[in-house]
Protein chains: 2
Amino acid sequence: MVTTRNSRSSLSTGRPRSGEAHQAILAATLDLLVEVGFSALTVEGVATRAGVGKATIYRRWPSKLPLVVEAFGQLPGFDAVDTGALSSDLKKMLRAYLQVFNQTALATVLPSLAGERTHNPELVHLFRPVSRKRRKPLIECFERAVERGEVSPELDVELAADLVVGPIAVALFFKGGRLDPRMVGPMVDLALRGILVSEPA
Amino acid sequence: MVTTRNSRSSLSTGRPRSGEAHQAILAATLDLLVEVGFSALTVEGVATRAGVGKATIYRRWPSKLPLVVEAFGQLPGFDAVDTGALSSDLKKMLRAYLQVFNQTALATVLPSLAGERTHNPELVHLFRPVSRKRRKPLIECFERAVERGEVSPELDVELAADLVVGPIAVALFFKGGRLDPRMVGPMVDLALRGILVSEPA
DNA sequence: TTATGAACGGAACGTATAGTATCGTAATGC
DNA sequence: GCATTACGATACTATACGTTCCGTTCATAA
């Protein structure tokens, strides 16, 4: 470990914390999450993989859980897109997201963390900003659609967002955890058009 | 522990396994899942709560995971309902389900198990029948709706089911894990009618 | 009635991991 | 160069999994 830059502004003197170590730890955490999953992840394993001492990890994160949350938070969320139409916005965003989704730890880590959250209030606070950041571009798609008159101003935007990403969450929960990107088209179409047969124009 | 009836047909002689112990273990597992969550659940705790020896548990389940899956599988799924209309079928079913959902371990356990599944092939096989059993009545609602002509015969029934329960899964994942039963109405309406503004009749 | 065999609760054990503490060393500011 | 703090390494405690033994209990079969 060669120390380069300080990662947090130390108010007092002394050797600064290594920014490289910080990144190496987070990267090792993500690597191992993908390889072995959440419950088989050990702090010792992370330390070894990152080439740091275990104490260096516990100096920065109070326990394994916040470490995983922060590593997880580094993964990309939805990329904001604006094609001018709700349907294509959503399809483009979800396809790009699934690409990441199917290749990273999201599918394995997210459920585990979500499960623990119920019994760990501290985790709720760690989690919220990550979720918000991910969700924001999605909500903005709908807000633009409202402005364009594509959808009713009375539409519950939050609920609509839940409806569109819902099938992905279902796949994550109840199925293998992978979702074919080719399903995005029919998925979004159905959510936008509705399930019931509509009257012919 | 008073032994009453044999739970599995023993082909050889000897003392049969106690059916009461079996049920006591599963009940204790569910209790503790609700109280402490999945990762804080200990087999020793289950044994103590159930009033059995730890060996009795390991004699029946190879590890903590399959035990939790079986206990979890005992929880009720969707109750089949047939009101004659898709909308009311779905609302009734989902409301009843949320009642259970909000009072049991589902919200905390399901995500944890789903997360582990990815790295534990054995868990996939344990999980599948549980999911199927839960999902079946939901699918049947849609199949009846197809027969009644309420929805198009070309409708992807599986996808439609995912769409309807999607917001619940999202709540489970990304939110607190609880869902207000009053949201079921707007949720189902939106899924059936669609997000886009429809032409006035 | 007696013998047999398996499950019982209880307890001890080995292994592994979380998290803490301590070591001598290295890096920064004064 | 001196104080201070982080560093990697290692030893340590505590806890939980999962296994193995024990003496006992219970149903069946002779």
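In what follows, every chain begins at residue 1, and chains take the letters A, B, ... in the order their sequences are listed. Just so it is clear, the values below take in all heavy atoms, side chains as well, and ignore hydrogens, waters and symmetry mates.
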I need the CD-P distance between Glu20(B) and dC26(D), as an integer number of Å.
12 Å
Residues in side chain to side chain contact (heavy atoms under 4.5 Å, CB included) contact with Asp156(B), at least two apart in sequence or another chain
Met183(A), Glu158(B), Leu159(B)
Contacts of Ser88(B) meeting side chain to side chain contact (heavy atoms under 4.5 Å, CB included) (sequence neighbours excluded), chain-then-number -> Thr83(B), Ala85(B)
Only counting residues at least two apart or in another chain, list the ones meeting ring pair (Phe, Tyr, Trp, His ring centres under 6.0 Å) with Phe38(B).
none
So if I define the base as every atom that isn't primed, P, OP1 or OP2, how would nucleotides 10-22 of chain C read as a B/S/- string at a heavy-atom cutoff under 4.0 Å?
B------SBBBB-
Kindly compute the distance separating CG (Leu192(A)) from CG (Leu196(B)), expressed to the nearest 0.5 Å.
4.5 Å
For residues 65-75 of chain B, dump all side-chain donor-acceptor pairs below 3.5 Å to protein atoms at least two apart in sequence or in another chain.
residue	atom	partner	partner atom	Å
Glu70(B)	OE1	Trp61(B)	NE1	2.8
Glu70(B)	OE2	His22(B)	NE2	3.2

Rounded off to whole Å, could you give me the CD-to-P distance for the Gln23(A) and dC7(D) pair?
14 Å
Phosphate oxygens OP1/OP2 of dT25(D): is one of them under 4.0 Å from a side-chain N or O of Arg15(B)?
no
Whole-Å distance separating the CG atom of Leu67(B) from the C1' atom of dG18(D):
13 Å
Specify the separation, in whole Å, of atom CD1 of Ile57(B) and atom C1' of dA7(C).
14 Å
side-chain hydrogen bond (donor to acceptor under 3.5 Å, both in side chains) against Asp82(B), all qualifying residues, sequence neighbours excluded:
Arg144(B)
